[in-house]
2 protein chains.
Amino acid sequence: MVKVTLTRKVDRLSFSNVAERREQPPTLAVSTVIFSLRDNERTGRKSLWLPLVRRTREPFRGQWALPGGPLGARDSLLDAAASNLRDTTGLIPRYLEQLYAFGDLDRSPTRRVVSIVYWALVREDDAHDRATSVLLDDPNVAWFRADDPQVLAEMAFDHREIIEYALWRLRNKVEYGSIAHRLLGERFTLAQVREVYEAVLDKALDPANFRRQLRTAANIEETDEFLSGGKHRPPRLYRYTGTPTHRLESESIA
Amino acid sequence: MVKVTLTRKVDRLSFSNVAERREQPPTLAVSTVIFSLRDNERTGRKSLWLPLVRRTREPFRGQWALPGGPLGARDSLLDAAASNLRDTTGLIPRYLEQLYAFGDLDRSPTRRVVSIVYWALVREDDAHDRATSVLLDDPNVAWFRADDPQVLAEMAFDHREIIEYALWRLRNKVEYGSIAHRLLGERFTLAQVREVYEAVLDKALDPANFRRQLRTAANIEETDEFLSGGKHRPPRLYRYTGTPTHRLESESIA
DNA sequence: TCACTTATGGTCAAAGTGACACTAACTAGG
DNA sequence: CCTAGTTAGTGTCACTTTGACCATAAGTGA
């Protein structure tokens, strides 16, 4: 049982004290953690990046936050996440899954907000193509390394914990799952899949052994095509053929 | 892009049509799927049971539903789930984890409700001891087999899907996790742990092999005590020593 | 004491895993 | 055209894990 005894002055809705505003019904918001893959010149390996938006209003004005907004009365949770994402970042992810609902009393200093957080995976080229125009124009949207301690330390609200939880979930999921192809294109090389795993698990994997495992376990089939253009033997392209493990675990966008 | 144009006054008790009520802000509710272990005379094996409450009001009056209720402005999500559970079923679970937020537009025929659903595991003896008095007095609370198609088919709202999703999550979690000891007491025999796995996975497991795996992998240590009273060699009692994998994945009740 | 039941400890073959050597096929630069 | 460099892809080997199953231990009740 939570007993809060605060005596502060007025927030933006002008309640006379915290106890009073706490009687208001909680507000529902939807936010999204979006991951994409990018080169990391520091480690040489690819790593996970995510877009953040700068807050233009109090509280936390000027600080970085997850893209999100209130839940429209006519939107399903998924629709709300998707449309908000499109509006704020220009991104249209092909994969959007519910992460968690955060509802602690003190998440926001001004109001009681319950945030239903989704997480998304976008392909590297999508992130570039579609989001570039938005990004160039808008200094309030930017991409950051998902594990950048500097950025995490300065997040608005409890968004730091949210991101860390999303990373934890991602790591747990990639081990038994089919995350990779959602960060890649329709066709991909096994080396690209390996790069995804390496980025998420943050460690190098043996190419030969990794290939063996993928061929037995994962829902991947080879195509007749090869990727040329490298300075070396052209790798074969593969295609994903799997089915989602559970409906709710892989909602797709129309 | 969602353009909501509100030009109405607010009266939540009398909407003239569906489109109109959809403009109201969504209501937040919290429900819980509670699992416990019980003997199943049909299969001889133990199986999962869960308590349901009969609805006393429309919609779905008379049908069975998950215990739940609106989110109080002063309760965290977890508190709301726990206290509602106590009030409606008399149960105080030692384990409560968030399952999913269900927010489709047509979940309830009357209002737009977003339900944040938790799932709980209670020990067999707790379920008996604490809930017995409530159960005996109240014909509107009863336990059912978690996979009883009869009951599932007649659930109120979308609670059937919720239960099936909870079962799916449970099965996925038990494989790599420490679910068993939460359904059992402080000390337990390896056979009891095996019964939990058998109930969740719904298949028989080799006792010898199961023992070998538990001893290497799981966070279980043996005690000096044995359980006597059976018609056979008394099994050694064990104790759980593990730590939760992630805070949000195993919230404990105060 | 014996028959019965579950506990608990082995064995063995099959399958899976990690380390690593080796060959294949392309590009770049002479 | 030839060679060095790079990644693709195959094969091997020791070791670990897993599933099936047998054997013994230690209680109970008759």
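All figures in this text were calculated on a predicted structure; none of them were measured in a lab. Labels below follow one simple rule: chain letters A, B, ... track the order of the sequence lines, proteins then strands, and each chain is numbered from 1.
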* Tell me what B:A191 touches on the nucleic acid: a base, only sugar-phosphate, or nothing, going by heavy atoms under 4.0 Å. => sugar-phosphate
* CZ of A:F188 versus C1' of D:dT7: gap in Å, rounded? -> 19 Å
* To do: Tell me, with the steps shown, if A:E97 and A:Y95 meet side chain to side chain donor-acceptor pair (under 3.5 Å).
  => CA-CA 7 Å; A:E97 175 183 328; A:Y95 182 76; 2.3 Å; yes
* To do: Among C:dC20, C:dA7, D:dT28, find the nucleotide with the atom closest to the side chain of B:K231.
  => D:dT28
* When you measure from the side chain of B:R86 to the backbone N and O of B:L91, does any donor-acceptor pair fall under 3.5 Å? -> no
* Please report, rounded to the nearest Å, how far the P atom of D:dA30 is from the NE2 atom of B:H232. => 15 Å
* Euclidean distance, atom CG of residue A:N209 to atom P of D:dT16 [Å, nearest integer] -> 16 Å
* Starting at CZ of B:F210 and ending at C1' of C:dT8, how long is that distance when rounded to a whole Å? -> 14 Å
* When the distance from CD of B:E222 to P of C:dG9 is rounded to whole Å, what number comes out? -> 8 Å
* To do: Starting at atom CD1 of A:I220, determine the distance to atom C1' of D:dG9, rounded to an integer number of angstrom.
  => 16 Å
* Do NZ/NE/NH1/NH2 and the carboxylate oxygens of A:E198 and A:K203 come within less than 4.0 Å? -> no
* From the options C:dA7, C:dG18, D:dG9, select the nucleotide whose nearest atom is closest to the side chain of A:R212. => C:dG18
* Asked: Is A:Q213 near enough to C:dT17 that one of its side-chain N or O atoms lies under 4.0 angstrom from OP1 or OP2?
  -> yes
* Asked: Of all the nucleotides listed (C:dT8, C:dA24, C:dG18), which has the minimum atom distance to the side chain of A:R233?
  -> C:dA24
* Structure fact -> B:R236 CZ to D:dG27 P, in whole Å, measures 12 Å
* Take the protein atom CZ of B:R215 and the nucleotide atom C1' of C:dA7, then report the distance between them rounded to whole Å. => 11 Å
* **Between B:T189 and B:R236, a side-chain donor and acceptor under 3.5 Å** => no
